[in-house]
Amino acid sequence: MATFIVLLGPPGVGKGTQAEILADTTKLAHVSSGDLFRENIKNQTELGKLAKSYLDKGDLVPDDLTISMIRDRLNRPDCEAGAILDGFPRTPAQADALEMMLAEFKGQVDVVPYITAAESILVVRASGRWTCRAQGHIYHQKFNQPKQAGICDIDGSELYQREDDKVETVTKRIRVYLEQTMPLVEYYRQRDKLVEVNGAQAVEQVTKDLLSALKK
Ligand code: AP5
Ligand code: MG
């Protein structure tokens with residue numbers, strides 16, 4: 001049976017960083033809704049054109065667009081054994097849609113690690129982030145520096161600062177998260193899937209805690 005892990009947590013807490021590591025360790029696909037939107041924006045697809053203003057403002061893209069993008073992604077062959085979902089679902093409607101999709105694939109959400117950290121930490125992490133242009137690999141100007149400034153260690157592409165990582169937009173994204181995504185904590189707690197992980201620790205320690213959460 002396929003394994004689906006939902007990483008839940010506020011903007012900048014380290015979902016993408018940890019999803020990259022966990023995908024490597026578990027050999028599951030890394031499915032990041034934010035990366036998929038940014039890829040569509042870069043390639044100027046119809047979806048990218050529709051999504052851009054929402055990302056720039058720090059608002060959520062409407063559920064129907066988001067759900068159909070994820071459905072297409074989960075239908076790709078690399079998701080046959082399952083996936084680590086990073087940034088999806090983000091609303092109760094998305095979570096219901098995910099349950100229905102996974103039922104079609106004879107799968108289910110196995111576990112939902114909920115990564116937490118204080119708002120002050122989130123702002124420092126997001127506003128110091130550098131992202132790789134080619135594949136979205138993640139760095140930080142202080143906590144996770146590339147070997148050579150401005151260049152991705154993994155694929156040599158240019159590093160850039162995300163448009164939505166300005167302090168005002170990060171603060172807005174945190175507010176949107178509290179209003180629209182926080183209900184998922186109760187949603188998954190009631191279904192006995194939620195495992196809390198302290199995200200305010202070094203990357204390696206968060207990974208250790210996540211790996212032990214996955215064993216449950
Ligand atoms: P998305 O790209 O998903 O952004 P996010 O959820 O706001 O989360 P981030 O990517 O900002 O943070 P992260 O938790 O991945 O942290 P990271 O590992 O990079 O979404 C962007 C936009 O797309 C949304 O605003 C919305 O418009 C749209 N969207 C996406 N999904 C959607 C959905 N489902 N529905 C509707 N709209 C959607 O780490 C952050 C920084 O901290 C990095 O620099 C990293 O190096 C550093 N760091 C990480 N861990 C540590 C650590 N332990 N110690 C020190 N530094 C660390
Ligand atoms: Mg991310």
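In this chain, numbering begins with 1 at the start of the sequence shown. We count ligands from 1, going down the list as the structure has it; atoms in each ligand are counted the same way. In this text the structure is predicted, and so the values were computed from the model without any measurement.
Remark: minimum distance from atom 9 (P) of ligand 1 to any protein heavy atom is reached at Arg129 NH1, 3.4 Å. Atom 43 (C) of ligand 1 has Ile138 CG2, 3.5 Å as its closest protein atom, hydrogens excluded (heavy atom only). At the top of the distance list for atom 10 (O) of ligand 1, counting protein heavy atoms only, stands Arg162 NH1, 3.0 Å. The shortest contact between atom 16 (O) of ligand 1 and any protein heavy atom is with Gly14 N, 3.1 Å. Nearest to atom 6 (O) of ligand 1 among the protein's heavy atoms is Arg90 NH2, 2.7 Å. Nearest protein heavy-atom neighbour of atom 18 (O) of ligand 1: Thr17 OG1, 2.6 Å. The protein atom (non-hydrogen) at minimum distance from atom 44 (O) of ligand 1 is Tyr139 O, 2.7 Å. In this structure, atom 13 (P) of ligand 1 lies nearest to the protein heavy atom Lys15 N, 3.5 Å.
Under the side-chain hydrogen bond (donor to acceptor under 3.5 Å, both in side chains) criterion, Asp72 pairs with no residue, sequence neighbours left out.
Within the listing of ligand 1, atoms 13 (P), 15 (O), 18 (O) sit less than 4.0 angstrom from a heavy atom of Gly16. The distance from ligand 1 to the heavy atoms of Thr66 drops below 4.0 Å at these ligand atoms: 33 (C), 34 (N), 35 (N), 36 (C). The ligand atoms of ligand 1 that sit less than 4.0 angstrom from a heavy atom of Gln94 are 33 (C), 34 (N), 35 (N), 36 (C). In summary, the atoms of ligand 1 found under 4.0 Å from a heavy atom of Pro11, numbered by their order in the structure, are 5 (P), 7 (O), 8 (O), 12 (O). Per-residue contacts place Val203 under 4.0 angstrom from the following atoms of ligand 1 (heavy atoms of the residue considered): 50 (N), 51 (C), 52 (C), 53 (N). Near Arg38, the atoms of ligand 1 lying under 4.0 angstrom from a non-hydrogen atom of the residue are 2 (O), 21 (C). Atoms of ligand 1 lying under 4.0 Å from at least one heavy atom of Asp59, given by number and element, are 26 (C), 27 (O). Atom numbering of ligand 1 starts at 1 in the shown order; those under 4.0 Å from a heavy atom of Phe143 are 55 (C), 56 (N).
Residues Val6 and Pro89 share a closest heavy-atom pair of CG1-CD, 3.8 Å.
In summary, Asp165 and Arg173 engage in a salt bridge, as defined by a charged side-chain N under 4.0 Å from a carboxylate O. We find that Lys15 and Glu20 are not joined by a salt bridge, their nearest charged nitrogen and carboxylate oxygen being 4.0 Å or further apart. Here Asp78 does not pair with Arg76 in a salt bridge; the nearest charged N to carboxylate O distance is not below 4.0 Å. Using a 4.0 Å cut-off between charged nitrogen and carboxylate oxygen, Glu99 and Arg191 count as a salt-bridge pair. Arg73 has no carboxylate O lying under 4.0 Å from a charged side-chain N of Glu39, or vice versa, which leaves the two without a salt bridge.
By the 4.0 Å heavy-atom criterion, Gln201 is counted among the residues contacting ligand 1. Contact analysis leaves Lys142 out of contact with ligand 1, as no non-hydrogen atom separation drops below 4.0 angstrom. Using a non-hydrogen distance threshold of 4.0 Å, Ala202 registers as a contact of ligand 1.
For ligand 1, the polar-atom distance check against Asp35 finds no nitrogen or oxygen pair separated by under 3.5 Å. Looking at Phe88 next to ligand 1, no N or O pair under 3.5 Å apart turns up. Residue Asp165 has no N or O atom closer than 3.5 Å to an N or O atom of ligand 1. Polar contact check, Val206 against ligand 1: no nitrogen or oxygen pair lies under 3.5 Å apart. Ligand 1 has no N or O atom lying under 3.5 Å from any N or O atom of Ala126, backbone or side chain.
Side chain to side chain, Gln135 and Asp35 fail the donor-acceptor criterion of an N or O pair below 3.5 Å. Asn40 and Thr45 are linked by a side-chain donor-acceptor pair at a separation below 3.5 angstrom, with hydrogens and angles left out of the test.
Sorted by first and then second residue, the ring pair (Phe, Tyr, Trp, His ring centres under 6.0 Å) pairs with a member in residues 144-203 form an empty list; sequence neighbours excluded.
The option from Trp130, Tyr177, Phe37 that lies nearest to atom 38 (C) of ligand 1, judged by heavy atoms, is Phe37. Considering only non-hydrogen atoms, atom 48 (N) of ligand 1 lies nearest to Arg125 out of Arg173, Arg125, His140.
By the criterion of side-chain heavy atoms lying less than 4.5 angstrom apart, applied directly or through intervening Ile, Leu, Val, Met, Phe, Trp or Tyr residues, Val185 is grouped together with Ile5 in one hydrophobic cluster.
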